[in-house]
Enquirer: 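Could you have a look at this structure, given as structure tokens, before my questions?
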Amino acid sequence: NMIIATADDAVTLYHNNAAKFATSAAGATLTGNLTVTGTVDGIDIATRDAILTSTTTTAGAALPKAGGTMTGNIAHAGDFTLDVGGDIILDADGAQIKFQDGGLGFLEIENVSSGNVSLNAQVQDKDIVFKGNDGGSSITALTLDMSEAGDAVFNRYVTANRFYVPDNGIAIFGGGSDLKIYHDGS
């Protein structure tokens, strides 16, 4: 048989007595390779194939689907979402995870020594700001002011079991520094 066509049902095309193309209510199945000389939905497949094979021999080698190593960068013009069923693990052997906006670095997370973590604001005099949602309102809970050598500015209360001021330190209270408590270490 070369072709079997059932009225209002499936069509199967054969080559050398082997089914190569079959249709069903779910769609179509192709067995073997498909060569396209024109376009599919307006996309020139031959041009796309040249892009995929310019550095690798197969699309699977360019983008491994299950493990393996991918080389190069991923670039996308719009939003990019990673939606995984498990954890997202970033494993950087250079000990740094860098965040950039338009090529300009603004935050770096670094393993500085033996597991100690450093958060580095990369832009001069720009703050690190901790925000949250309090009863439906956006609030700034804490600002680390980098233009003031890292002064911590809390939006509200600071609760602590102990408050430590080192020798020769000063505790300053009030907007105009109304009250100062000095400690000279003696």
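Side chains included, hydrogens not; waters and symmetry mates left out as well; all remaining heavy atoms used. Remember, it's a predicted structure, so these values are computed and weren't measured experimentally.
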Enquirer: In chain order, what residues pass the side chain to side chain donor-acceptor pair (under 3.5 Å) check against S147, with sequence neighbours excluded?
Expert: D145

Enquirer: Quick one: list whatever passes side-chain contact (heavy atoms from CB on, under 4.5 Å) with S177, sequence neighbours left out.
Expert: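 S177: side-chain contact (heavy atoms from CB on, under 4.5 Å) contacts with I172, K180.
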
Enquirer: Table please: side-chain donor-acceptor pairs of residues 151-163 below 3.5 Å, with sequence neighbours left out.
Expert:
none

Enquirer: Quick one: list whatever passes side chain to side chain donor-acceptor pair (under 3.5 Å) with D184, sequence neighbours left out.
Expert: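 For D184 the side chain to side chain donor-acceptor pair (under 3.5 Å) partners, ignoring immediate neighbours, are S186.
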
Enquirer: Are M146 and L142 linked, directly or through other ILVMFWY residues, by side chains that come within less than 4.5 angstrom of each other?
Expert: yes

Enquirer: Using side-chain contact (heavy atoms from CB on, under 4.5 Å) as the criterion, list what pairs up with K126, not counting sequence neighbours.
Expert: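 Scan of K126 (side-chain contact (heavy atoms from CB on, under 4.5 Å), adjacent residues dropped) gives V123.
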
Enquirer: Share the residues that join I181 in a hydrophobic cluster, the rule being Ile, Leu, Val, Met, Phe, Trp or Tyr side chains under 4.5 Å apart at the heavy-atom level.
Expert: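 Grouped by the 4.5 Å side-chain rule, F173, L179 form the rest of the cluster around I181.
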
Enquirer: Other than Y164, which residues form its hydrophobic cluster under the rule that side-chain heavy atoms must be closer than 4.5 Å?
Expert: none

Enquirer: Side-chain polar contacts of residues 20-31 - donor-acceptor pairs under 3.5 angstrom, sequence neighbours left out - could you list them?
Expert:
from	atom 1	to	atom 2	distance (Å)
T23	OG1	V11	N	2.9
S24	OG	A26	N	3.3

Enquirer: Donor-acceptor pairs under 3.5 Å, side chain of residues 79-93 to any protein atom, not counting sequence neighbours: which ones?
Expert:
none

Enquirer: Would a 4.5 Å heavy-atom cut-off, applied to side chains only, mark D167 and H183 as touching?
Expert: yes

Enquirer: Using side chain to side chain donor-acceptor pair (under 3.5 Å) as the criterion, list what pairs up with E110, not counting sequence neighbours.
Expert: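 Once residues adjacent in sequence are excluded, the partners of E110 under the side chain to side chain donor-acceptor pair (under 3.5 Å) criterion are Q96, N120.
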
Enquirer: Nearest 0.5 Å please: distance from the CG atom of N17 over to the CE atom of M2.
Expert: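 These two atoms lie 10.5 Å from each other.
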
Enquirer: Using the test side-chain contact (heavy atoms from CB on, under 4.5 Å), find all partners of L119 that sit at least two apart in sequence or belong to another chain.
Expert: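 I109.
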
Enquirer: Quick one: does N116's side chain have a donor or acceptor within less than 3.5 Å of a partner on S114's backbone?
Expert: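 Checked: no pair found.
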
